[in-house]
Amino acid sequence: MERIYNFSAGPAVLPREVLEQARDELVDWHGCGMSVMEMSHRGKEYMGIQAEAESDLRELMGIPSNYKVLFLQGGASSQFAMVPMNLFRGKTSADYLNTGVWSKKAIKEAKKYGAVNVVASSEDRDYTYAPTQESWRLDSDAAYVHFTPNETIGGVEIFWTPETGDVPLVADMSSTILSRPMDVSKYGLIYAGAQKNIGPAGLTLVIVRDDLIGQTVPGTPTMFDYQIHGDNDSMYNTPPTYGIYMAGLVFKLLKARGGLSAMHRQNLAKANLLYDTMDASDFYHTPVARENRSLMNVPFTLKDAALDEDFLKGAKARGLMQLKGHRSVGGMRASIYNAMPVEGVQALVDYMLEFELARG
Ligand SMILES: *Cc1c(COP(=O)(O)O)cnc(C)c1O
């Protein structure tokens with residue numbers, strides 16, 4: 001059976017090689033007579049799988065040794081609460097940048113634990129850009145500074161690392177992690193749901209500097225305490241074992257493909273195919289400011305929204321799926337994560353040109 005090109009924002013496309021390897025190992029992993037899904041998380045085989053996934057991720061991202069890598073559950077949405085619960089550390093307020101839907105959700109949740117100072121917002125222009133650092137009003141007494149380097153719905157990405165002095169920088173990297181190299185040492189904490197650029201849904205990754213943990217707000221549930229998970233190598237309770245195994249296969253593949261610099265080059269090439277097509281056309285339009293055009297999520301509109309349905313129908317007929325924009329934005333959105341092959345983006349561009357010629 002031929003695979004479609006899946007432009008879904010998440011859960012998203014996974015590398016074919018990884019799916020095929022998982023299939024080959026599904027029933028009998030490496031001759032041990034059982035599936036990874038059936039293994040005790042405290043057994044030698046599974047512990048090896050998880051340790052290897054962690055060390056491959058550390059190598060890929062260059063994670064310093066004073067950072068914990070935690071394999072959790074609950075999605076990035078749980079981190080909206082876990083971050084303030086763990087990082088307020090006796091302070092009374094935290095700084096947040098507001099660049100769209102996901103920032104707003106993080107802000108709303110943090111307000112349950114203390115004051116939130118919104119350092120800057122792009123709401124004035126419908127979240128189509130990211131405020132530059134000069135306009136941020138940082139509070140030097142803030143517990144941490146939180147931002148969303150890639151707003152998955154708006155398609156707004158920040159390609160620079162904010163300077164926050166001694167105040168820890170926290171990033172929701174759900175839809176940008178592993179897409180390009182990042183200097184982990186500039187961050188206090190990075191978190192990401194796996195279902196965009198890492199692996200299947202159900203796994204949530206947290207990378208946290210170890211001096212920031214262990215001072216939770218009173219009443220924090222045990223399962224929401226980073227220190228508990230860190231002290232137990234993410235095995236305080238049963239971790240999402242199969243998701244971690246799949247993520248580990250993805251990490252190995254990215255290493256074999258040349259690591260994050262190589263991914264960055266490919267992602268730039270893929271995104272430019274789409275943005276160049278739009279720039280050369282007055283039929284397609286992307287609302288996002290040029291310097292914030294996401295490499296991972298590309299929203300765009302057609303000149304006449306009445307053509308949207310026909311566009312999607314024609315796309316589907318060519319195996320180009322999940323291009324409908326988020327219900328809050330409308331139009332189209334092509335998510336082109338690491339696992340989207342360049343051929344998929346080329347097929348989309350070819351279709352866009354054909355559709356414009358016929359209907360524009
Ligand atoms: C998808 C996404 C989330 C929500 O992730 P869940 O795992 O569904 O909780 C949060 N932030 C960003 C930037 C996302 O892309």
Side-chain angles (χ1 to χ4, degrees), residues 4-13 98-105 121-132 148-159 174-176 179 196-197 267-337 340-360:
I4 56 140
Y5 290 119
N6 177 7
F7 293 94
S8 169
V13 57
N98 180 11
T99 50
V101 172
W102 294 114
S103 300
K104 278 201 290 191
K105 287 201 172 177
S121 167
S122 55
E123 193 171 7
D124 58 342
R125 279 196 269 141
D126 224 8
Y127 298 116
T128 54
Y129 74 104
T132 53
T148 310
N150 187 59
E151 283 282 356
T152 319
I153 292 171
V156 172
E157 185 156 3
I158 298 173
F159 295 100
S174 294
S175 54
T176 185
S179 68
K196 276 91 186 219
N197 222 6
N267 288 327
L268 274 170
K270 286 188 295 180
N272 284 339
L273 271 178
L274 275 169
Y275 290 120
D276 289 349
T277 304
M278 288 178 218
D279 287 344
S281 142
D282 52 19
F283 184 77
Y284 298 106
H285 173 72
T286 183
V288 179
R290 190 169 280 270
E291 64 276 17
N292 296 119
R293 289 173 167 184
S294 170
L295 295 183
M296 297 282 102
N297 310 96
V298 182
F300 62 95
T301 54
L302 277 52
K303 197 167 189 173
D304 179 0
L307 294 172
D308 284 4
E309 223 169 283
D310 283 355
F311 180 87
L312 289 167
K313 226 164 90 187
K316 196 170 164 187
R318 285 164 180 76
L320 307 169
M321 312 297 255
Q322 303 281 349
L323 284 163
K324 198 177 162 78
H326 190 271
R327 57 190 184 280
S328 66
V329 180
M332 310 294 153
R333 175 177 49 168
S335 293
I336 50 173
Y337 298 114
M340 170 58 65
V342 66
E343 292 80 8
V345 181
Q346 188 60 57
L348 173 57
V349 164
D350 291 346
Y351 170 61
M352 287 168 73
L353 294 174
E354 200 183 304
F355 189 86
E356 178 178 359
L357 207 62
R359 309 292 298 272

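Side-chain atoms are counted along with the backbone in the values below, which use heavy atoms only and exclude waters and symmetry mates.
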(request) Give the intermediate values and the outcome of side-chain contact (heavy atoms from CB on, under 4.5 Å) for residues Ser175 and Tyr337. (result) CA-CA 8 Å; Ser175 54; Tyr337 298 114; 4.0 Å; yes
(message) For a 4.5 angstrom cut-off between non-hydrogen side-chain atoms, does Pro149 reach Phe159?
(response) no
Review item, side-chain donor-acceptor pairs of residues 302-311, under 3.5 Å, at least two apart:
from: Asp304; atom 1: OD1; to: Ala306; atom 2: N; distance (Å): 2.9
from: Asp310; atom 1: OD2; to: Arg359; atom 2: NH1; distance (Å): 3.1
from: Asp310; atom 1: OD2; to: Arg359; atom 2: NH2; distance (Å): 2.9

(request) Quick one: closest heavy-atom pair of Glu151 and Val101, and the distance? (result) OE1-N, 3.5 Å
(request) Taking the side chain as every heavy atom from C-beta outward, state whether Tyr127 and Lys104 have any atom pair closer than 4.5 Å. (result) yes
(request) Indicate yes or no: at least one non-hydrogen side-chain atom of Met332 is less than 4.5 angstrom from one of Pro299. (result) no
(request) Identify the two heavy atoms, one from Ala271 and one from Leu295, that lie closest to each other, and give their separation to 0.1 Å. (result) CB-CD2, 3.8 Å
Going by atom type alone, with no hydrogens or angles, which donor-acceptor pairs under 3.5 Å involve a side-chain atom of residues 319-330 and a protein atom two or more places apart or on another chain?
from: His326; atom 1: ND1; to: Ser328; atom 2: N; distance (Å): 3.0
from: His326; atom 1: ND1; to: Ser328; atom 2: OG; distance (Å): 2.7

(request) With Glu157 as reference, evaluate Asn292, Thr176, Asn297, Thr152 under the side chain to side chain donor-acceptor pair (under 3.5 Å) test and give the passing residue. (result) Thr176
(message) When you compare the side chain of Tyr5 with that of Leu348, does any pair of heavy atoms fall below 4.5 Å?
(response) no
(message) I'd like to check the side chain to side chain donor-acceptor pair (under 3.5 Å) partners of Asp124; sequence neighbours left out, ordered by chain and number.
(response) Tyr129
(request) Compare every heavy atom of Thr277 with every heavy atom of Leu273, then report the nearest pair and how far apart it is. (result) O-OG1, 2.6 Å
(message) For Ser335 versus Ala9, what's the shortest heavy-atom pair and its separation?
(response) OG-CA, 3.3 Å
(request) Would you mind reporting whether Val298 and Arg333 have side-chain heavy atoms less than 4.5 Å apart? (result) no
(request) Provide the closest heavy-atom pair for Met340 versus Val345 in the form atom of the first, atom of the second, distance. (result) CG-CG2, 3.9 Å
(message) If I take atom CD from residue Glu354 and atom CE from residue Met352, how far apart are they, to the nearest 0.5 angstrom?
(response) 12.5 Å
(request) Would you please test Ser179 and Asn267 for side chain to side chain donor-acceptor pair (under 3.5 Å) and show each step? (result) CA-CA 7 Å; Ser179 68; Asn267 288 327; 4.9 Å; no
(message) Working to the nearest 0.5 angstrom, can you tell me the gap between Asp276 CG and Ser281 OG?
(response) 12.0 Å
(request) With the side chain counted from C-beta on, respond yes when Asn150 and Val156 share a heavy-atom pair under 4.5 Å apart, and no when they do not. (result) no
(request) Just do the side chain to side chain donor-acceptor pair (under 3.5 Å) check on Ser103 and Thr148 with the steps written out, would you? (result) CA-CA 6 Å; Ser103 300; Thr148 310; 3.2 Å; yes
(request) Taking the side chain as every heavy atom from C-beta outward, state whether Tyr275 and Phe300 have any pair of such atoms under 4.5 Å apart. (result) no
(request) Evaluate the side-chain proximity of Arg318 to Ile4: yes if any heavy-atom separation is below 4.5 Å, no if none is. (result) no
(request) Please report the shortest heavy-atom distance between Ser174 and Lys196, naming the atom on each side. (result) O-CB, 3.4 Å
